[in-house]
Amino acid sequence: MLVLGGTSRIALATARRLIARRTRTVWLAGRPSPALESAAAELRALGADVHTVPFDALDPESHEAVLGKVFAEGDVDLVLLAFGVLGDQATDEREPSAAVRVAQTNYTGAVSAGLITARALQTQGHGSLVVLSSVAGERARRSDFIYGSGKAGLDAFAQGLGDALHGTGVHVMVVRPGSVRARTAAGPARELLATTPEAVATAVELGLRRRSETVWVPGTLRLVMSVLRHAPRGLFRRLPI
């Protein structure tokens, strides 16, 4: 298992779940930090052989060499593309350079890493690429449209990549979780969009077993977002989401 975004809460929850099943070797790719080393130590304690590798989404020129070293060590059965940043909507609107950084991390960096790992999986002739998208990409909201626009692009990219790789032995799965935050008394509308890292990990494992192409977490989001996606714009603006 290769995790791109080695300190992601969702990625680590997924790794823990898969290690409890059959995963024995995990590569955590991320910026060198105490958090990355702590994540590696946590997974080692569960019995996995864990390696860390320096990876920066904002440095696509380095992706080929960095990821190539991982695949050179042996076949990879699962790539989990889990990096991304929320940014700060108010700050990013005032400072376009900050908004560009969010977009480059969430979309440009993911396109680079996604294409490189997909090609490596295709060369192997097998493997799955799981891409963490977001419900935020389904329709732009006033509260997070900079983040959401990047996720919308990533989602479209991953779906197209899945179509391009159909029949090659490589499986691409797009995961669309709701807001991964502590559930609070924020109101029923926000509650419908909420989930947890553990719930996403469970859905990822089930999706891999079924070789699903799109996974919503929670599953009810599929219906909720179908309604919200087609809501009149004037009404959508007034919703507390």
Side-chain angles (χ1 to χ4, degrees), residues 1-20 23-88 91-92 95 97-121 124 127-134 146-147 150-151 154 157-158 175 177 180-181 196-198 200-201 204:
M1 177 181 184
L2 167 60
V3 177
L4 303 176
T7 59
S8 158
R9 288 190 298 153
I10 291 176
L12 293 175
T14 303
R16 289 193 297 268
R17 189 171 185 85
L18 295 182
I19 289 169
T23 300
R24 290 294 170 263
T25 303
V26 179
W27 289 83
L28 296 180
R31 292 178 177 173
S33 68
L36 186 64
E37 294 305 321
S38 176
E42 175 192 347
L43 299 184
R44 288 190 188 107
L46 299 177
D49 181 18
V50 184
H51 310 271
T52 61
V53 59
F55 173 82
D56 186 349
L58 291 173
D59 184 18
E61 296 300 322
S62 69
H63 292 178
E64 191 89 48
V66 169
L67 299 176
K69 289 179 181 178
V70 175
F71 280 87
E73 293 293 324
D75 284 6
V76 175
D77 298 303
L78 170 64
V79 177
L80 177 56
L81 198 161
F83 62 82
V85 293
L86 283 171
D88 180 277
T91 299
D92 296 341
E95 302 176 15
S97 61
V100 168
R101 187 178 181 86
V102 172
Q104 288 178 331
T105 301
N106 294 344
Y107 180 70
T108 309
V111 168
S112 170
L115 288 173
I116 291 169
T117 54
R119 185 175 67 237
L121 293 173
Q124 292 178 174
S128 294
L129 170 60
V130 176
V131 178
L132 290 186
S133 178
S134 171
I146 294 174
Y147 169 78
K151 286 297 186 179
L154 173 61
F157 163 78
V175 181
V180 184
R181 295 170 182 161
T196 65
E198 292 71 24
V200 179
V204 167

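All heavy atoms count here, side chains included; hydrogens, waters and symmetry mates do not. All figures in this text were calculated on a predicted structure; none of them were measured in a lab.
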Flag side-chain contact, heavy atom, 4.5 Å: Val200 against Val175: yes

Interatomic spacing from OG1 in Thr7 to CG in Leu28 - rounded to 0.5 Å: 9.0 Å

Side-chain (Thr105) to main-chain (Arg101) donor-acceptor, under 3.5 angstrom: yes

Point-to-point distance, once rounded to the nearest 0.5 Å, from CD1 of Ile116 to NE2 of His63: 7.0 Å

Worked check of side-chain contact (heavy atoms from CB on, under 4.5 Å) between Val131 and Leu154: CA-CA 8 Å; Val131 178; Leu154 173 61; 3.8 Å; yes

Test item: Leu80 and Met1 side chains (from C-beta on) under 4.5 Å apart, heavy atoms: yes

Nearest heavy-atom neighbours spanning Asp92 and Ala98: OD1-CB, 3.3 Å

Mutual orientation of the aromatic rings belonging to Tyr107 and Phe157 [parallel < 30°, tilted 30-60°, perpendicular > 60°]: perpendicular

For Phe83 against Ala113, the heavy-atom pair lying closest together: CE2-CB, 4.3 Å

Side chain to side chain, Leu67 and Thr117, heavy atoms closer than 4.5 Å: yes

Test item: Gln124 side-chain N/O and Val76 main-chain N/O as donor-acceptor pair under 3.5 Å: yes

Asn106 side-chain N/O to Tyr147 backbone N/O, donor-acceptor pair under 3.5 Å: no

Sole candidate of Leu4, Leu12, Ile10 that passes side-chain contact (heavy atoms from CB on, under 4.5 Å) when paired with Ser8: Ile10

Distance in Å, Asp88 CG paired with Ile146 CD1, rounded so as to fall on 0.5 Å steps: 9.0 Å

Distance-minimising heavy-atom pair for Leu121 and Gly127: CD2-CA, 4.1 Å

Charged N-O contact under 4.0 Å between Glu198 and Arg9: no

Polar side-chain atom of Lys69 near backbone of Val53 as donor-acceptor pair, under 3.5 Å: no

His51 (side chain) donor-acceptor with Val70 (main chain) under 3.5 angstrom: no

Which atom of Leu36 lies closest to which atom of Gly30, heavy atoms considered: CD2-O, 3.7 Å

Residues Val79, Phe71; criterion side-chain contact (heavy atoms from CB on, under 4.5 Å); working and verdict: CA-CA 11 Å; Val79 177; Phe71 280 87; 4.0 Å; yes

Polar side-chain atom of Arg44 near backbone of Val50 as donor-acceptor pair, under 3.5 Å: yes

Verdict with reasoning, Val130 to Leu78, per side-chain contact (heavy atoms from CB on, under 4.5 Å): CA-CA 7 Å; Val130 176; Leu78 170 64; 3.5 Å; yes

Leu18 side, atom CG; Arg24 side, atom CZ - distance, nearest 0.5 Å: 10.5 Å

Flag, side chain of Arg16 to backbone of Leu43, donor-acceptor distance under 3.5 Å: no

Heavy-atom pair of closest approach, residues Pro54 and Pro32: CB-CG, 3.9 Å

Nearest heavy atoms of Gly87 and Val102, plus distance in Å: CA-CG2, 3.8 Å

Interatomic distance, Asp77 atom CG to Thr25 atom OG1 [nearest 0.5 angstrom]: 9.0 Å

Flag, side chain of Arg17 to backbone of Val204, donor-acceptor distance under 3.5 Å: no

